[in-house]
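Let me begin by presenting the structure, written as structure tokens, before commenting on it.
Treat the numbers as computed from the prediction; the structure is a model and nothing was measured. In each ligand, atom 1 is the first atom listed, and ligand 1 is the first ligand listed.
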Amino acid sequence: MAYLDANATEPLRPEARAAVLEALDLVGNPASVHASGRAARRVLEAARSAVALRFGADPGAVVFTSGGTEANAFAIAALRAGRRVVIGATEHDAVRAAAPDAVVLPVDGDGVADLDALARLLAEGPALICLMWANNETGTIQPVEAAAALCRQHGALLHVDAVQAAGRIPVRLVGDSMALSSHKLGGPKGAGALLLGPGIDAAPLIAGGGQERGRRGGTPALPAIAGFAAAAQAALPDAAALRDAVEAAALACGAVVLGGAHRLPNTSCLALPGVRADTQVIALDLAGVQVSAGAACSSGKVAASHVLTAMGCGVLAGQAIRVSLPWNAAGADVVAFNRAYSDMAARLGKRAA
Ligand code: PLP
């Protein structure tokens, strides 16, 4: 089997596995004052420092969460007070659901946010802008530094969803808050973090026993957090060579690559004209290659992805699959993909023509 669905979740890194196993044996609650509690606390604070160092934040400004969804919801709830929320048109559902009343910032045909439109929106009054660093379906990288500069000029706040970018391209805290997820960079599922910028505080989304400096109630999931920190330290920016080989093979079969040139080095969004995305996913799965659809499929109906629709992809929005190479992808995975994809394109592409 070739697992090419890293943007759904990355395989666990060995460093993360070792850290999880070690932390599982710690009996103490990090909030307890006795020796076992203090031992757990040391692991928690070491993980906090490691995540802070890796992503350019102050350790006191790292709030551990259950993952990227919670980190995004927390940021929006905490930072929006009295501000209009503006979100990029291709944001993840975690952001869309946390700000259903948001104004939508348009993107161009490559999925890149329109900064002129952002400047106009910023001139209209106090705002919280939510812009993802890289898109989960296409890998398109957003101009987050330029957006941060614009936000600063206008006194607006910027929240960045860096869930798919962290560990794959160089990422440092940009703007006023940034969401991270452990399982997207090779850590275990069930941990993530919100990093807060200088001068930013956040009232808790989940109140409770005062954990995380009063910003997030609940006993921290220490094994998952320890694994997250180990994965964050181990994750190095990906090289694009394998992804480029995947794309070259797909292009030779008549596919169209969506999402522009400035993309994550592990992600390809490939439309095969005339062939439904779910049909492609099933055909590839039967051939031992696991990818996902750029379109969500429910009760037999294919709903075109909001990301590709916002990019103006038309019917191709329902005919695109996402190939996302994990950190441990090898040449053999690309060979398996190329064989399965060309067989599929020869069979289904001909039928569609
Ligand atoms: N943001 C983006 C861009 C994502 O791709 C995802 C997950 O797919 C999330 C947020 C949610 O992260 P988690 O699965 O850790 O809740």
Heavy atoms from other residues, nucleotides or ligands near CD of Glu124 exceed 12 (cutoff 6.0 Å): yes

Enclosure of Arg339 CZ (heavy-atom neighbours >12, cutoff 6.0 Å): no

Present, as a list of atom pairs with distances to 0.1 Å, all nitrogen or oxygen contacts under 3.5 Å between ligand 1 and the protein.
{"from": "ligand 1", "atom 1": "1 (N)", "to": "Asp161", "atom 2": "OD1", "distance (Å)": "3.4"}
{"from": "ligand 1", "atom 1": "1 (N)", "to": "Asp161", "atom 2": "OD2", "distance (Å)": "2.6"}
{"from": "ligand 1", "atom 1": "5 (O)", "to": "Gln164", "atom 2": "NE2", "distance (Å)": "2.8"}
{"from": "ligand 1", "atom 1": "8 (O)", "to": "His92", "atom 2": "NE2", "distance (Å)": "3.2"}
{"from": "ligand 1", "atom 1": "8 (O)", "to": "Lys184", "atom 2": "NZ", "distance (Å)": "2.7"}
{"from": "ligand 1", "atom 1": "14 (O)", "to": "His183", "atom 2": "NE2", "distance (Å)": "2.9"}
{"from": "ligand 1", "atom 1": "15 (O)", "to": "Gly68", "atom 2": "N", "distance (Å)": "2.8"}
{"from": "ligand 1", "atom 1": "15 (O)", "to": "Ser181", "atom 2": "OG", "distance (Å)": "2.6"}
{"from": "ligand 1", "atom 1": "15 (O)", "to": "His183", "atom 2": "NE2", "distance (Å)": "3.4"}
{"from": "ligand 1", "atom 1": "16 (O)", "to": "Gly68", "atom 2": "N", "distance (Å)": "3.4"}
{"from": "ligand 1", "atom 1": "16 (O)", "to": "Thr69", "atom 2": "N", "distance (Å)": "2.9"}
{"from": "ligand 1", "atom 1": "16 (O)", "to": "Thr69", "atom 2": "OG1", "distance (Å)": "2.6"}

Pair Asn7-Thr267, side-chain donor/acceptor within less than 3.5 Å: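 Result is yes, a qualifying pair exists.
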
Residues Ser292 and Arg322: side-chain donor-acceptor under 3.5 angstrom: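 A donor-acceptor contact under 3.5 Å links the two side chains.
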
Contact summary for Ala193 and Thr65, nearest pair of heavy atoms: N-OG1, 3.4 Å

Beyond-backbone contact of Leu158 with Arg152, side-chain heavy atoms, under 4.5 angstrom: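 No, every pair of side-chain atoms sits at 4.5 Å or beyond.
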
